[in-house]
Amino acid sequence: MSERTVRVRFAPSPTGYPHIGNIRTALFNWLFARHHGGAFILRIEDTDQTRKVEGAVDAIKKSLDWLKIDWDEGPYFQSERLQIYHRCIQRLLDSIHAYKCYCSPERLARMREEMAERKESMRSYDRRCRDLTPEEIGRFESQGIMPVIRFKMPLDGQTTFHDLVRGDITFDNSELDDIVLLKSDGYPTYHLANIADDHYMEISHVMRGDEWLSSTPRHVLLYRAFDWEPPLFAHLPMILGPDKSKLSKRHGATSIDDYMDKYLPEAMVNFLALLGWSLDDKTEIFSREELIQNFSIERISRSPAVFNRDKLDWMNGYYLRRDSRPQDINNEAATAPVDAEGIAPQVSTDFVDRLMESLDNDLPPEVRRPTREYVEQIAPLIVERLKTLREAAENFGFFFVDEPIYESGLLLGKQLTVETAIRGLEAALERLQDTQFDALSLEEALRPLASDLGLKTGDFFGLLRIATTGRTAAPPLFETMAVLGKERCLKRIQTAVTKLRESS
RNA sequence: GGCGCAUUCGUCUAGCGGCCUAGGACACCGCCCUCUCAAGGCGGAGAUCAGGGGUUCGAAUCCCCUAUGCGCUACCA
C-alpha cells in the first residue's frame, strides 16, 4: 500500500477499562500492523491530570493481553514527554504559529453562552488574545496569569485531506478555531501531544474513531506549521448501541472487562473484526491468522455499526463447541453429541480448564467445587447447550447441588396425573435398584418400562428428567443420569415421590 | 445554530453501471432428527436499496436537493 514502513499505534487515555470501541480500534491497528509486518505501538495519552484513573494502565494492558493483542513498543506515557511538547511549542511561538492566551475559563464560558444566545454560527474562541500588543501582554504577565498556548489558525482558505476510508474531505479554515495546544498547567492538549508523538514515533497510519474526523483538518494544519509530513488517516465507523446512539453506559456493558469473564477471546476478536470490516459476502468465521492475512483498510465500512449482542453470543457458542473438540479427533466424530454406543466424545483439556475456572467463579459458595474428573464427564453433555461459559453454572447447576429445587407441579408436565406420576417414579425406582448406571444400561432398563406403564416415552422420560434434574430442558436423560450416579438419582426420584405425595 | 460524516432485510453486512426479480450471517418462523433442550440439516418470512430529482440505452451503484441519524463545536481525549 505504501512504500513506508507501517507503524501504527493504539493511544488510549487512562480512564479505566477500554471501551468496546477503543478495543475495536486497537484490534484494527494491530491487524493492520501484523498484516504489513509493521510495528504496533502502545501509547498512553495521560495529558489530562483531572481524568486520570488509578490502575487504568494495567486495565488497558490486561484487556489487550486477553485478546492477545501484543505491542512492539511502549507503553509510552505522554506525561513523561513534556519537554518534547514544550520544545514544539517554542518552535510554534517563534514562527508565530501560536500565541499566548490569557483569557480566563470564566470569560470563555460566558463568551460561549452569549454567542449561543445570539445564535451566532461560529461559537468558538473569539481570538481576543491573538494580536495582543506587547503592553497588553506585559500587563497580563505582571498579574501573574498563566496563559494557555493557542494555535494561530489560518483565517481563510480551505484544508483538504485524504481519508483512506472516506476519501477527500474539505473544511473551510474559517470554521476552525484557535485550538489550545498547551494548557496552563503545562500539559499539552491531545491535539499537540498527538501530532508531536505521531511525528517523532514515525507513525505511518493513524487509524482512529470517527469522532476525530472533525479535528483532523486542525491536525493537518499543525503538521504544516511544523513542516512535518502528516501520516495517512483512516477514520473508523463508530460503534452504536441498540438505539443507534453512541454506545455508552446507558446501554449496559460497554467496557471490555464486562466481557472478559463471559466470552472467549477468540470469539471476541472475530466478532469485533466484523464490526466495521468484512472480507466478502459470506465469510463470518476467521482465525486470528486469517484476519491478519486478509485485513485491509480498503474493506473497512463507512457507516456506524450497532453492537449486536445476539451475534456475539452465537459466535461464542460456535467457538465454544468448535474449540472444545480435542485436536486429534476428526470433526465428523466430534460433531455428533453422542455416538451409537452412547459414549460421549472427548472434549479438549483446554475446554475442561476453562469450564472448571468458570464453574469455580459462578457456582454459589455453598456448593462444593467439582473435581476435574467430574467436570470432564459433564463437559461433553453441556458444550453444545452453551452460548457462554457463564451459563454452565446457571443452567446446569443440578449437576453440582445436592438437591435441585423445583415446583412439584413440574413433575406432572401436561399429561400426567399425580397417581400415574408416582406410579411411574416408583416403578423406575424399583427397576433402577439393580441397573448399571451407564447410559446404555439405563436406556435398556427404562425404555421398556415406559410401555409397561402405558406411558409415552416422552412423558415418562420427561418425568424422570424433572425428578433427576429439576428442569424441563437438560442434556439427554441417560447420559445425565449416568453422570449423576445411582445414589443421587435414586435419592432425587425418592424426593420427587415425596413431593408429589405432599402436594396432593 | 454551524461544520463534517453517514443512510441496503430488526441487526452485522455483500454490492464499487448491466452477473441484483439485491447475496450471506445473527435473530425470528416451520420441517427433519429426537426422551426434553440444544447442536446439526433443510426451508420460509424479512430490504419498493431513506425520499425526490437528474446523468445514462441501463443506477443500490455517478451527480444534486431534501430528510433523518451520528460526530465535532472544552485549558477532555
Side-chain angles (χ1 to χ4, degrees), chain A residues 11-13 15 45-48 50-51 101 103-105 108-109 112 115-116 118-125 146-150 163 165-166 169-172 174-177 179-185 187-191 193-194 209-217 235 237-238 240 242 244-246 271 274-285 301-315 317-318 321 335-337 382-387 395 413 443 446-447 450 456-466 469 471-478:
Chain A
S13 52
T15 54
E45 309 226 319
D46 55 349
T47 56
D48 187 345
T50 62
R51 293 208 313 160
C101 168
C103 295
S104 67
L108 296 174
R112 270 190 293 270
M115 282 173 162
R118 276 181 269 128
K119 297 201 188 296
E120 283 183 30
S121 58
M122 186 68 178
R123 293 183 189 176
S124 44
Y125 183 53
M146 283 301 289
V148 301
I149 310 293
R150 286 183 184 272
D163 184 274
V165 173
R166 286 151 217 281
I169 295 168
T170 301
F171 285 78
D172 283 335
S174 61
E175 294 294 335
L176 276 20
D177 61 339
I179 49 171
V180 172
L181 264 19
L182 195 73
K183 301 180 253 188
S184 54
D185 64 359
Y187 280 83
T189 59
Y190 171 84
H191 302 295
N194 167 65
D210 204 18
E211 67 267 31
W212 294 107
L213 195 63
S214 308
S215 310
T216 307
H235 287 91
M238 304 232 305
L240 274 24
K244 298 208 169 194
S245 70
K246 187 178 177 179
F271 177 75
L274 256 18
L275 230 45
W277 177 86
S278 65
L279 175 64
D280 54 27
D281 60 345
K282 45 180 73 70
T283 318
E284 303 280 340
I285 301 297
S301 62
R302 280 167 296 279
S303 48
V306 172
F307 187 82
N308 185 189
R309 193 85 179 238
D310 275 342
K311 191 158 181 174
L312 208 210
D313 282 345
W314 163 76
M315 201 171 268
Y318 179 90
R321 269 170 266 131
T335 309
I382 70 173
V383 240
E384 58 205 312
R385 270 157 271 257
L386 249 33
K387 281 198 171 72
N395 296 341
E443 178 153 20
L446 295 173
R447 194 173 283 280
K456 280 193 278 191
T457 50
D459 292 333
F460 183 50
F461 294 165
L463 172 67
L464 289 171
R465 175 172 299 106
I466 303 290
T469 71
R471 298 188 140 251
T472 53
L477 220 218
F478 311 117

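Convention: sequence-line order gives letters A, B, ...; per-chain numbering from 1. The structure presented is a predicted model; accordingly, all values stated were derived computationally and were not measured.
The same atom, P, is picked in rG41(B) and in rC26(B); the two are 9 Å apart, to the nearest Å. Between rU21(B) and rA25(B), the distance separating the two C1' atoms is 23 Å to the nearest Å. As rounded to the nearest Å, rA14(B) and rG23(B) have P atoms that lie 15 Å from one another. Separation of the P atoms belonging to rG54(B) and rU61(B) is 15 Å when rounded to the nearest angstrom. Atom C1' of rU8(B) sits at a distance of 6 Å from the matching atom of rA47(B), rounded to the whole Å. Nucleotides rG18(B) and rA59(B) place their P atoms 11 Å apart, quoted to the nearest Å. rG53(B) and rG46(B) have their C1' atoms separated by 30 Å, with the value rounded to a whole Å. Rounded to whole Å, the C1' atom of rC76(B) lies 48 Å from the corresponding atom of rA38(B).
Glu384(A) contributes no side-chain N or O that forms a donor-acceptor pair with the base of rG40(B) under 3.5 Å. On a pure distance criterion of 3.5 Å, no polar donor-acceptor pair joins the side chain of Arg166(A) and the base of rC5(B).
Of the listed nucleotides (rC37(B), rG40(B), rC35(B)), rG40(B) has the atom at the smallest distance from the side chain of Arg321(A). Comparing rA39(B), rA25(B), rG4(B) by their closest approach to the side chain of Lys311(A) singles out rA25(B). Nearest nucleotide to the side chain of Glu175(A), out of rU7(B), rG2(B), rA14(B): rG2(B). The side chain of Trp314(A) lies closest to rC26(B), out of rA14(B), rC26(B), rG24(B).
Separating the CG atom of Asp281(A) from the P atom of rC26(B) is a distance of 14 Å, rounded to the nearest angstrom. Here rA25(B) presents its C1' atom at 12 Å from NZ of Lys282(A), a figure rounded to the nearest Å. Atom pair Asp172(A):CG and rC5(B):P shows a separation of 11 Å (rounding to whole Å applied). Separating the CD1 atom of Ile169(A) from the C1' atom of rA6(B) is a distance of 11 Å, rounded to the nearest angstrom. The distance between atom CG of Leu463(A) and atom C1' of rU36(B), rounded to the nearest whole Å, is 13 Å. The nearest whole Å value for the distance from the CZ atom in Arg118(A) to the P atom in rG1(B) is 18 Å. Counting to the nearest Å, the C1' atom of rG23(B) and the CD atom of Glu284(A) are 12 Å from each other. Distance Ile466(A) CD1 to rC35(B) C1': 12 Å, rounded to the nearest Å.
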Inset, instruction - Start with the C-alpha distance between His191(A) and Val180(A), add both sets of side-chain angles, then the distance that settles side chain to side chain contact (heavy atoms under 4.5 Å, CB included), and finish with yes or no. - result: CA-CA 8 Å; His191(A) 302 295; Val180(A) 172; over 6 Å; no
Inset, instruction - Show your reasoning for whether side chain to side chain contact (heavy atoms under 4.5 Å, CB included) applies to His235(A) and Val165(A). - result: CA-CA 6 Å; His235(A) 287 91; Val165(A) 173; 5.7 Å; no
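Separating the CG atom in Asp177(A) from the OH atom in Tyr125(A) is a distance of 10.5 Å, to the nearest 0.5 Å. The line from CG of Leu312(A) to CZ of Phe307(A) is 5.0 Å long, rounded to the nearest 0.5 Å. Once rounded to the nearest 0.5 Å, the distance linking OH of Tyr190(A) with CD1 of Ile179(A) reads 11.0 Å.
Distance alone, capped at 3.5 Å, places no donor-acceptor pair between the Asp172(A) side chain and the Glu175(A) backbone. Judged by distance alone, with hydrogens and angles left aside, the side-chain atoms of Arg51(A) form no donor-acceptor pair with the main-chain N or O of Thr15(A) at under 3.5 Å. The closest donor-acceptor contact from the side chain of Thr216(A) to the backbone of Trp212(A) lies under 3.5 Å.
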Legend entry - Protein-to-nucleotide contact annotation, 5' to 3' order, nucleotides 70-77 of chain B [B base; S sugar-phosphate only; - none; under 4.0 Å, heavy atom]: SBS-SBBB
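Note on Phe307(A): nothing from the nucleic acid sits closer than 4.0 angstrom, heavy atoms only. As judged by a 4.0 angstrom heavy-atom cut-off over every strand, Ser301(A) is placed among residues touching the sugar-phosphate backbone only. In this structure, Thr15(A) reaches neither bases nor backbone, as no heavy-atom distance under 4.0 Å exists between it and the strands shown. Among the protein residues, Gly276(A) comes within range of the sugar-phosphate backbone only, with heavy atoms under 4.0 Å from sugar or phosphate atoms but none that close to a base. Residue contacts for Leu274(A): at a heavy-atom cut-off of 4.0 Å it reaches the sugar-phosphate backbone alone, with no base atom in range. As judged by a 4.0 angstrom heavy-atom cut-off over every strand, Ala474(A) is placed among the base-contacting residues.
Look at rG46(B): it lacks any Watson-Crick or wobble partner with both distances under 3.5 angstrom. As the counterpart of rG1(B), rU73(B) is assigned, both hydrogen-bonding distances of the Watson-Crick or G-U wobble pattern falling under 3.5 Å. Using N1 to N3 plus N6-O4 or O6-N4 for Watson-Crick, or N1-O2 and O6-N3 for G-U wobble, each under 3.5 Å, rC20(B) pairs with nothing. Under the Watson-Crick or G-U wobble criterion, with both distances below 3.5 Å, rA6(B) is paired with rU68(B). With a cut-off of 3.5 Å on both pairing distances, rU56(B) has no Watson-Crick or G-U wobble partner at all.
Using a 4.5 Å heavy-atom threshold, the side chains of Thr189(A) and Thr47(A) count as separate.
Close to rA14(B), at under 4.0 Å from its OP1 or OP2, lies a side-chain N or O of Ser278(A). A close approach under 4.0 Å does not occur between any side-chain nitrogen or oxygen of Arg302(A) and OP1 or OP2 of rC5(B).
Map Phe478(A) and Thr283(A) each onto its nearest nucleotide of RNA chain B; the residue landing nearer the 5' end is Thr283(A).
In this structure, Arg166(A) places its CZ atom where more than 12 heavy-atom neighbours from other residues, nucleotides or ligands lie under 6.0 Å away.
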